[in-house]
Amino acid sequence: MSGKELIHAENIVVAYGDQTVLDFDRFCLYEGERIGLVGVNGAGKTTLLELLAGERMPDSGRIQRNCSPFYFRQFGAEPDPYALDFDEAGRMGVWEQAWQEQVSGGENTRLRLTALFSCERAVAFLDEPTSNLDYKGIEALAKRLRDIETMVLVTHDRALCNALCNRIVELSFGKLTSYDGNYDDYLLQKEERRKAQQEEYDRYCEEKRRLENVFREKKAKAQSMSKKPSKLSASEARTIAFIGNRKPEDKVRSMERSARNVQKRIEHMAIKERPKAEARMRPDFRLTNPPENAIVIRGEHISFGYEDKRIFDDCSFVVRNGSRLAVVGDNGAGKTTLLDLIRAENGITVVPRARIGYLKQNFSQICLEKTVLENIREVSIQSESVARTILARLLLTGRDMEKPAGALSGGERMKLAFAMLFVSDANLLMMDEPTNYLDIPSIEALEALLCEYEGTLIFTSHDKTFVEHVATEKLLIEDGKLVRQDVR
């Protein structure tokens, strides 16, 4: 890297009680680098940003800074309006909101981003800057972030990572691994490493099997040599050994020694770990008694609003059986309202055998006092092995399954809520912003499950990549109308 070194961290250790969160040898940030920091929920991404920004000190190690970065926190307070550049506030669409006492989550994010763009610092540390932003907000953010020369970015938005980042740093079990390029490049390099690891493991297994066979053959040969042939007398055996110029016991010892040498080679082989393979078991969808109708939901001439605000104006739509329908639109367009109308069958027809499973953002379906497995058993019509596999595919460990649900993080509770839907008797799933609280690996795990799902799915999301990967159909809400859009 030819740019100036702005941050140098080495021998860093951070622990919370008995749990070591960070334990890495070296991290450097150079001028002109735009680093995407990735890792599962709880890996320590926010802790690392706090260290780099000077917000906290490591338990051991040292950090040298040659810059004064701006730190955008995931959960930050609304900024002082007098400190904002009002041209920037206009670009972010919150000029009027800067003086309001109450603002929405998306408006709060835009105001805090305005504070970032109002300062003159050339380095930014950003922790989930797309939170609560709609498509237009994310596009405006991406455009403005291109003007920042150096950054470390934590985001679950892969499209933003691809558009901005030139290096990806993966944080796993406290260690850092660097990959050149954007997020797609990172995935390719990681897959190449996985394939190389699999090939190395296969070669290791093959060589170990070969040596074990050699060892068994030599042991068997030594054992057979130690036995006197049944039809030979002792004097005849001595005569044969004399002619061969070696005593039988010498030959046996030599063969035993050769066998021991092979065994030592096996014991001193460098052990290669098998790459982890994802469990592929999925629910038996037939148990949900799914509908056979071609159309499972139909809405005709729907008009709906709140007080003086009209949300839908004479709208009609259908949902096809087995489709994965993404409902898209700006903040406040009526996406959640449409899901609520479908659920309440308010002017909308749902076929009789369709059983709706609704993802509740407040997690009210989860009993916090019960363990993860106990919550699953309460609703599951699938076998326990299927339920456990679904939890594992959503990156919940065997240890997590025994935890009380109240001890789970927001992201972990979201995964439990997904699993409860997948193993329930529901055959039509509705999800409102399902990627909230999730890290990128968990989003990708959810994508894989949803793309295999045999029932009908209706969901809202501002995650462009998630919609592209999952949806088979799109329904745009715009100016009170429903417009069906092509996918891909």
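Only heavy atoms go into these numbers, but all of them, side chains included; no hydrogens, no water, no symmetry mates. All residue numbers in this chain count up from 1 along the given sequence.
The ring pair (Phe, Tyr, Trp, His ring centres under 6.0 Å) test applied to Phe24 returns no partner, not counting sequence neighbours. With sequence neighbours excluded, the residues that form a ring pair (Phe, Tyr, Trp, His ring centres under 6.0 Å) with Tyr179 are Tyr186. Remark: Phe459 pairs with Phe466 by the ring pair (Phe, Tyr, Trp, His ring centres under 6.0 Å) rule, at least two apart or across chains.
Pairs of residues two or more places apart, or lying in two chains, that qualify as salt bridge (charged side-chain N to carboxylate O under 4.0 Å, His left out) and include a residue from residues 396-405 are Asp400-Lys403. The stretch residues 37-48 participates, sequence neighbours left out, in no salt bridge (charged side-chain N to carboxylate O under 4.0 Å, His left out) pair at all. The list of side-chain hydrogen bond (donor to acceptor under 3.5 Å, both in side chains) pairs with a residue in residues 287-300, not counting sequence neighbours, reads Asn289-Arg353.
Note on ring orientation: taking the six-membered ring where Trp is involved, the planes of His462 and Tyr135 are perpendicular (angle over 60°, cut-offs 30° and 60°).
The closest side-chain heavy-atom distance from Ile148 to Phe117 is below 4.5 Å. Side-chain contact between Phe317 and Ile342 is present, with at least one heavy-atom pair separated by less than 4.5 Å. Counting heavy atoms from C-beta on, the side chains of Ile12 and Phe27 never come closer than 4.5 Å.
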Run the salt bridge (Lys or Arg N to Asp or Glu O under 4.0 Å) check on Glu192 and Lys195 step by step: do they pass? CA-CA 5 Å; Glu192 287 170 2; Lys195 287 180 179 177; over 6 Å; no
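Under the 3.5 Å distance criterion, with hydrogens and angles disregarded, a donor-acceptor pair is assigned to the side chains of Arg112 and Asn108. Between the side chains of Asn213 and Arg216, at least one donor N or O sits under 3.5 Å from an acceptor N or O. Side chains of Thr460 and Asp432: a donor-acceptor N/O pair is present below 3.5 angstrom, by distance only.
A salt bridge between Arg209 and Glu206 is absent, with no side-chain N of the basic residue lying under 4.0 Å from a carboxylate O of the acidic one.
By the neighbour-count criterion of 12 heavy atoms within 6.0 Å, atom NZ of Lys175 is densely surrounded, having more than that number from other residues, nucleotides or ligands. More than 12 heavy atoms of other shown residues, nucleotides or ligands fall within 6.0 angstrom of atom NZ in Lys481.
The distance from the CG atom of Asp463 to the CD atom of Glu447 is 7.5 Å, given to the nearest 0.5 Å.
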